[in-house]
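This report refers to the structure that appears directly beneath it.
Every value quoted in this text rests on a predicted model; they were computed, and no experiment measured them. So that the names make sense, note that chain A is the first sequence line, chain B the second, and so on, each numbered from 1.
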There are 2 protein chains.
Amino acid sequence: MGIAERKERDKTERRQSILDAAQHLFIEQGFEKVSMRNIADAIEYSPATIYLYFKDKNELLFALQNQAFGRLAQEFESVFEIEHPAERLSAIGHKYLTFAFAHPELFQLMFVMNGPMEAVKARGEAQPWASGRAAFDRVVRAMQAGIDAGVFRHADAEVAALLVWAQVHGLATIYLSNRAMIFSEERRQTIIEEAMNLFNQVLHHGL
Amino acid sequence: MGIAERKERDKTERRQSILDAAQHLFIEQGFEKVSMRNIADAIEYSPATIYLYFKDKNELLFALQNQAFGRLAQEFESVFEIEHPAERLSAIGHKYLTFAFAHPELFQLMFVMNGPMEAVKARGEAQPWASGRAAFDRVVRAMQAGIDAGVFRHADAEVAALLVWAQVHGLATIYLSNRAMIFSEERRQTIIEEAMNLFNQVLHHGL
DNA sequence: CAAATATACTGAACGGTGTTCAGATTTACC
DNA sequence: GGTAAATCTGAACACCGTTCAGTATATTTG
């Protein structure tokens with residue numbers, strides 16, 4: 001069955017090359033420029049060919065999203081060496097925010113855009129959006145550690161983790177959606193950082 | 001000059017009727033269905049006619065956004081009777097979240113979509129996004145009152161207000177962008193509320 | 001080896017989008 | 001009534017996601 005295996009491998013390789021081209025377009029040109037036609041041009045295929053490897057654009061975006069979550073997980077790696085619960089949580093928040101600013105397009109794909117979530121819905125899995133859940137679980141675990149250590153009062157780690165996520169997520173999306181325009185350009189650069197400092201204070205204070 | 005006046009009035013009336021049709025489409029059918037052609041159909045005009053009243057779609061969305069901010073301001077009205085700073089702030093947060101769930105399409109127009117902000121940029125005004133700034137100022141004033149009353153420690157009211165805004169905004173957008181999918185359907189309904197309760201605790205604790 | 005089959009790919013089309021512009025129509029003025 | 005100004009539109013342009021009949025290539029079978 002050597003031939004069948006090679007074919008399978010070739011197929012996943014071509015699938016991956018589509019994803020690579022799409023990701024490249026995403027990062028290089030922004031998500032508005034990521035059209036099926038542009039992806040097709042980049043890999044010198046016909047647009048119709050992409051539909052042999054992905055059901056539709058949402059499915060492609062979903063695959064791309066999963067790949068991007070791999071990157072974020074990588075960023076989170078080092079954080080789990082930190083012992084102090086509040087500091088570990090604030091480090092996670094910091095990494096989240098840094099990732100959002102460093103890769104705004106990927107961040108939007110992961111946490112803002114509708115397309116990938118439509119694919120998640122369409123799949124109708126029992127455990128939808130596993131990659132998102134896995135990322136969130138890291139926050140929950142860090143929070144639970146803090147509660148167990150008596151640093152945080154609130155009993156429900158999931159609720160507290162959601163609040164922490166939402167806090168940083170809110171700062172990131174306010175900035176990335178240009179809603180920080182209400183601040184002058186100089187202020188805009190620093191106020192997010194100041195807000196994060198205040199957030200860290202709140203965290204260390206015990207939540 | 002009675003005629004010139006009437007013409008001017010007619011013009012603003014037609015402009016308004018375009019906005020009304022667009023808003024109706026927005027609320028009734030969702031923002032994906034708000035196309036220039038659909039708006040034109042609703043008011044029985046040609047799509048080209050809309051461009052006599054709005055420079056482009058972004059400019060139309062911007063006008064619609066301003067209108068929506070009027071609604072939010074209305075929601076905020078009652079809040080400013082509350083004396084206790086922490087309670088006033090948490091009431092603002094509650095209204096913000098309630099508005100987001102009650103009018104998700106308008107919320108996205110105001111705080112998520114890119115189009116209206118592109119128009120803001122294109123206008124190049126000295127005080128960009130005045131309606132957003134006005135809404136935020138209400139939060140800042142409430143926060144400043146809290147600082148003055150010694151309830152909140154942090155000196156910079158703007159930074160603290162941004163953090164409060166981002167907290168609630170994060171919860172709203174996580175839910176509305178379907179990222180709360182990581183929770184079971186029943187949990188999804190209640191966990192946002194629980195997170196808000198925890199947030200209120202933090203606020204009352206003094207931030 | 002040749003024919004049949006399975007695999008891979010594509011051109012062209014469908015209906016949708018925002019936008020522009022020459023031309024038609026309606027209105028106001030002298 | 002005739003001219004000028006204001007108002008509106010049909011048709012087109014270049015894009016979008018998606019589908020499908022048809023072509024070309026590679027593999028399997030007789």
Side-chain angles (χ1 to χ4, degrees), chain A residues 1-19 21-22 25-26 29-65 109 113-119 121-122, chain B residues 1-19 21-22 25-26 29-65 109 113-119 121-122:
Chain A
M1 300 291 167
I3 291 169
E5 270 172 28
R6 182 181 54 85
K7 284 207 146 194
E8 186 108 354
R9 186 160 39 81
D10 283 3
K11 184 137 190 170
T12 64
E13 263 172 27
R14 264 165 309 182
R15 199 187 130 102
Q16 189 56 48
S17 83
I18 294 172
L19 284 180
L25 265 172
F26 238 100
Q29 315 247 16
F31 65 90
E32 301 144 321
K33 294 289 175 62
V34 181
S35 71
M36 298 305 259
R37 281 174 175 83
N38 284 0
I39 298 169
D41 280 356
I43 54 174
E44 291 175 311
Y45 275 170
S46 154
T49 304
I50 301 176
Y51 288 86
L52 301 175
Y53 298 90
F54 298 94
K55 199 183 125 288
D56 54 24
K57 193 186 182 184
N58 287 342
E59 201 64 43
L60 193 158
L61 292 177
F62 173 70
L64 223 49
Q65 196 202 50
L109 179 67
M113 285 176 65
N114 235 321
M117 304 316 280
E118 290 299 318
K121 276 188 207 167
Chain B
M1 302 290 166
I3 291 167
E5 272 173 26
R6 181 181 57 84
K7 283 205 145 192
E8 184 107 356
R9 186 160 39 80
D10 283 4
K11 185 138 188 170
T12 63
E13 264 173 26
R14 264 166 306 176
R15 200 186 130 100
Q16 188 57 47
S17 83
I18 293 173
L19 284 179
L25 265 171
F26 238 100
Q29 315 247 15
F31 63 92
E32 300 144 322
K33 293 289 175 63
V34 181
S35 72
M36 298 304 258
R37 281 174 175 83
N38 284 30
I39 299 169
D41 282 355
I43 54 174
E44 291 178 310
Y45 274 169
S46 156
T49 304
I50 300 177
Y51 288 86
L52 301 174
Y53 298 91
F54 299 93
K55 199 183 127 290
D56 56 21
K57 193 185 182 184
N58 287 343
E59 200 64 45
L60 193 157
L61 292 177
F62 173 69
L64 222 50
Q65 196 203 49
L109 179 66
M113 285 176 64
N114 236 322
M117 304 316 281
E118 290 298 318
K121 275 189 208 167

In whole Å, what is the span from the CG atom of B:Asn58 to the P atom of C:dG18?
10 Å

What's the NZ-P distance between B:Lys33 and C:dG16, to the nearest Å?
11 Å

Side chain to side chain donor-acceptor pair (under 3.5 Å) filter on A:Gln65, not counting sequence neighbours, yields A:Trp129

So, using side-chain contact (heavy atoms from CB on, under 4.5 Å) as the criterion, who are the partners of A:Tyr45 when residues are at least two apart?
A:Arg14, A:Ile43, A:Thr49

Sequence neighbours excluded, every pair satisfying salt bridge (Lys or Arg N to Asp or Glu O under 4.0 Å) that has a member inside residues 31-41 of chain A:
none

Report each atom pair, protein N/O against N/O of nucleotides 22-24 of chain C, whose distance is under 3.5 angstrom.
none

All heavy atoms of A:Leu25 vs all of A:Ile39, minimum pair found to be CD1-N, 3.7 Å

How close or far is atom P of D:dC16 from atom CG of A:Asp56, stated in whole angstroms?
17 Å

Residues at least two apart in sequence or cross-chain that pass side chain to side chain donor-acceptor pair (under 3.5 Å) with A:Gln16, listed by chain then number, are A:Asp20, A:Gln67

With B for base contact, S for sugar-phosphate-only contact and - for none (protein heavy atoms under 4.0 Å), nucleotides 5-14 of chain D reads -SSBBB-B--

A:Glu44: which residues meet the side-chain contact (heavy atoms from CB on, under 4.5 Å) condition with it, sequence neighbours left out?
none

Do any pairs count as a salt bridge (Lys or Arg N to Asp or Glu O under 4.0 Å) and have a residue in residues 49-63 of chain A, sequence neighbours left out, and if so which ones?
A:Glu59-A:Arg123

Evaluation steps, side chain to side chain contact (heavy atoms under 4.5 Å, CB included), between A:Phe54 and A:Leu19:
CA-CA 10 Å; A:Phe54 298 94; A:Leu19 284 180; 3.7 Å; yes

By side-chain contact (heavy atoms from CB on, under 4.5 Å), B:Ala42 pairs with (sequence neighbours left out) B:Ala21

With a 4.0 Å cut-off on heavy atoms, is A:Asn38 in touch with a base, just the backbone sugar-phosphate, or nothing at all?
sugar-phosphate

If I take atom CZ in residue A:Phe54 and atom C1' in nucleotide D:dG17, what distance separates them, rounded to the nearest angstrom?
15 Å

Report the distance from atom NZ of A:Lys55 to atom P of D:dC20, rounded to the nearest whole Å.
14 Å

Partner set under side chain to side chain donor-acceptor pair (under 3.5 Å) for B:Asn38, not counting sequence neighbours:
B:Ser35

Between P on C:dG18 and OH on B:Tyr51, what's the gap in Å once rounded to a whole number?
6 Å

Decide yes or no for A:Tyr53 and A:Lys11: does some side-chain heavy atom of the first lie under 4.5 Å from some side-chain heavy atom of the second?
yes

When the distance from CZ of B:Phe31 to P of C:dT17 is rounded to whole Å, what number comes out?
15 Å

For atom CZ of A:Arg9 and atom P of C:dT7, their distance in whole Å
18 Å

Rounded (10°) bend between the five-pair end axes of the helix from C:dC1-D:dG30 to C:dC30-D:dG1:
30°

